[in-house]
Amino acid sequence: EKLFMGDQVLRVTAGDEGQVTQLRVLGEQAELQVDFWRHPTRPGHPADLRVPFSSLPAVKTFLESNNISYSIMIEDVQELLDEERRTMVKSRRT
Amino acid sequence: ERSTSTFDFASYHTIDEIYHWMDVLVGDHPNLVSKIQIGQSYENRPLYVLKFSTGGSNRSAIWLDTGIHPREWITQATGIWTANKIAEEYGKDPSVTAILDSMDIFFEIVTNPDGFVFTHSSDRLWRKTRSINAGSPCIGVDPNRNWDAGFGGSGASSDPCSETYHGPYAHSEREVKAIADFILGHGNVKSVISIHSYSQMLLFPYGYKTAPVPNHQEMNELAKKAVSDLAAVYGTKYTYGSIMDTIYAADGIAVDWAYDNGVKYSFTFELRDTGRYGFLLPSTQIIPTATETWPALLDVMVHVLEHPY
């Protein structure tokens with residue numbers, strides 16, 4: 001079973017076309033294993049990136065060094081998954 | 001559950017529970033709903049489709065599918081609720097009744113069963129099929145980049161490790177080929193509505209080229225009405241338009257294939273996002289999501305009924 005402990009989902013908003021392009025470049029860096037949940041489309045529209053725990057420093061540095069604004073949408077993916085599982089077990093018991 | 005009245009539509013369910021529920025739905029509405037199998041998945045799971053029909057032979061039809069990307073759980077859950085709604089509203093709601101008095105509806109609720117099972121057992125965030133890629137350690141193909149419509153272009157990846165890997169050749173995935181064969185074999189499908197989550201969009205072709213479809217204006221106006229009626233329920237705001245204009249270039253996708261194969265009313269939904277949970281939407285979101293999606297779906301289906309071609 002794959003665990004997602006410490007993985008975060010970042011909501012990123014590109015300010016211009018150049019930043020949209022930079023986000024696409026970020027997605028092409030296979031070693032970072034960034035999983036785009038919502039892809040960058042145009043300036044002002046949010047993109048959501050699941051970032052493995054091990055890649056968080058590199059990705060955040062990339063965003064900050066390119067002045068791309070972001071917020072943390074999900075602090076810890078595994079916590080949400082655990083909560084989802086608890087809900088399903090409870091529902092089934094009911 | 002022994003009856004659809006005791007099934008918990010507000011919960012997420014395993015594939016066994018969903019497949020069992022399909023049988024219950026058929027049992028509860030034997031003169032309206034039947035279950036057909038259109039193929040088998042890579043791991044040999046049955047690909048089931050619910051057929052809603054009041055009779056006739058090879059009537060014009062609407063195709064609905066949910067869950068081609070298995071991690072989008074709100075989508076399959078909305079599919080279950082919607083299928084039940086169609087069955088329950090026939091004979092009550094004038095629009096549903098009019099549609100089913102003239103047309104059939106085919107509804108594939110778990111379009112990618114192998115991936116769906118994998119999201120329950122091993123990787124909650126799995127998106128692709130589970131087929132093995134020769135020469136690569138990475139598993140799976142993005143089934144919504146595997147259709148024969150601009151297949152292999154720049155809006156998909158040739159890397160088997162990518163989430164948008166298009167596969168070795170068009171329709172290499174059994175899950176895709178089964179639908180393509182079914183729709184082509186049927187020959188009278190007038191609308192394809194492929195449902196995803198989560199970006200709050202109602203989209204239509206093309207994704208693989210910038211040219212507008214010939215009936216772009218009609219599609220745009222229909223999409224505008226549908227998202228307006230959706231927003232009237234809970235205020236959820238959708239964007240709409242062609243895939244290329246609204247999201248990005250996407251090659252080898254289902255609705256482009258459908259359109260290029262004569263299905264004029266081809267749409268794809270991206271269901272709701274609370275802005276916090278993404279694909280992990282709590283189950284409390286299922287009923288609201290399905291409820292608000294219903295009038296938009298109905299708008300499209302009624303338009304198809306009223307604009308025969």
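Naming convention: chains lettered A, B, ... in sequence-line order (proteins, then strands); numbering from 1 in each chain.
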Do you see a donor-acceptor pair shorter than 3.5 Å between the side chains of [X] and [Y]?
{"X": "B:E173", "Y": "B:T129", "result": "yes"}
{"X": "B:N133", "Y": "B:S136", "result": "no"}
{"X": "B:D142", "Y": "B:T164", "result": "no"}

Would you mind telling me which of [options] has the largest number of heavy-atom pairs within less than 4.5 Å of chain A?
{"options": "B:W126, B:Y12, B:Y198", "result": "B:Y198"}
{"options": "B:G275, B:C161, B:S11, B:A10", "result": "B:G275"}
{"options": "B:D159, B:T239, B:T246, B:T14", "result": "B:T246"}
{"options": "B:E270, B:E72, B:R71", "result": "B:R71"}

For each of A:E83, A:R38, A:H39, tally heavy-atom pairs with chain B at distances under 4.5 Å, and name the one with the top tally. A:R38
Closest-packed option against chain B by number of heavy-atom pairs under 4.5 Å, given A:L3, A:D35, A:V9: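 That would be A:D35.
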Using the six-membered ring wherever Trp is involved, compare the ring planes of B:F279 and A:W37 and label them parallel, tilted or perpendicular (cut-offs 30° and 60°).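 Tilted, since the angle between the ring planes falls between 30° and 60°.
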Going from [atom1] on [X] to [atom2] on [Y], what distance comes out if it is rounded to the nearest 0.5 angstrom?
{"X": "B:F116", "Y": "B:S121", "atom1": "CZ", "atom2": "OG", "value": "11.0 Å"}
{"X": "B:T293", "Y": "B:W81", "atom1": "OG1", "atom2": "CH2", "value": "8.5 Å"}
{"X": "B:R127", "Y": "B:Y165", "atom1": "CZ", "atom2": "OH", "value": "14.5 Å"}
{"X": "B:R145", "Y": "B:S157", "atom1": "CZ", "atom2": "OG", "value": "10.0 Å"}
{"X": "B:I18", "Y": "B:Y48", "atom1": "CD1", "atom2": "OH", "value": "13.0 Å"}

Any chance CD1 of A:I72 has more than 12 other-residue heavy atoms, nucleotides or ligands included, within less than 6.0 Å?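 Yes.
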Please classify the contact between B:W73 and chain A as side chain, backbone, both or neither, with a heavy-atom cut-off of under 4.5 Å.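 For B:W73, side-chain heavy atoms alone lie under 4.5 Å from chain A.
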Part of B:D273 within contact of chain A (heavy atom distance under 4.5 Å):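 Contact with chain A: side chain only.
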Can you confirm if the NZ or CZ of B:R130 lies within 45° of the ring axis of B:F118 and under 6.0 Å from the centre of its six-membered ring?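 Yes, B:R130 sits over the ring of B:F118.
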Could you list which of residues 41-68 of chain A have a heavy atom closer than 4.5 Å to any heavy atom of chain B, in residue-number order?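 A:T41, A:R42, A:D48, A:R50 fall under the 4.5 Å cut-off.
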Ignoring hydrogens, what is the shortest heavy-atom contact between A:R85 and B:H120? Give both atom names and the distance. NH2-O, 4.0 Å
Return yes if some donor-acceptor pair links the side-chain N/O of B:N144 with the main-chain N/O of B:H69 below 3.5 Å, else return no. no
What part of A:M88 is in contact with chain B, defined as an atom under 4.5 angstrom from a non-hydrogen atom: side chain, backbone, both or neither?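 A:M88 touches chain B through side-chain heavy atoms alone.
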Report which part of A:F36 has an atom under 4.5 Å of a heavy atom belonging to chain B: side chain, backbone, both, or neither. backbone
Run the salt-bridge test on B:R272 and B:E292 with the 4.0 Å N-O cut-off and return the result as yes or no.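 Salt bridge: yes.
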Part of residues 280-288 of chain B lying next to chain A, heavy-atom separation under 4.5 Å: B:L280, B:L281, B:S283
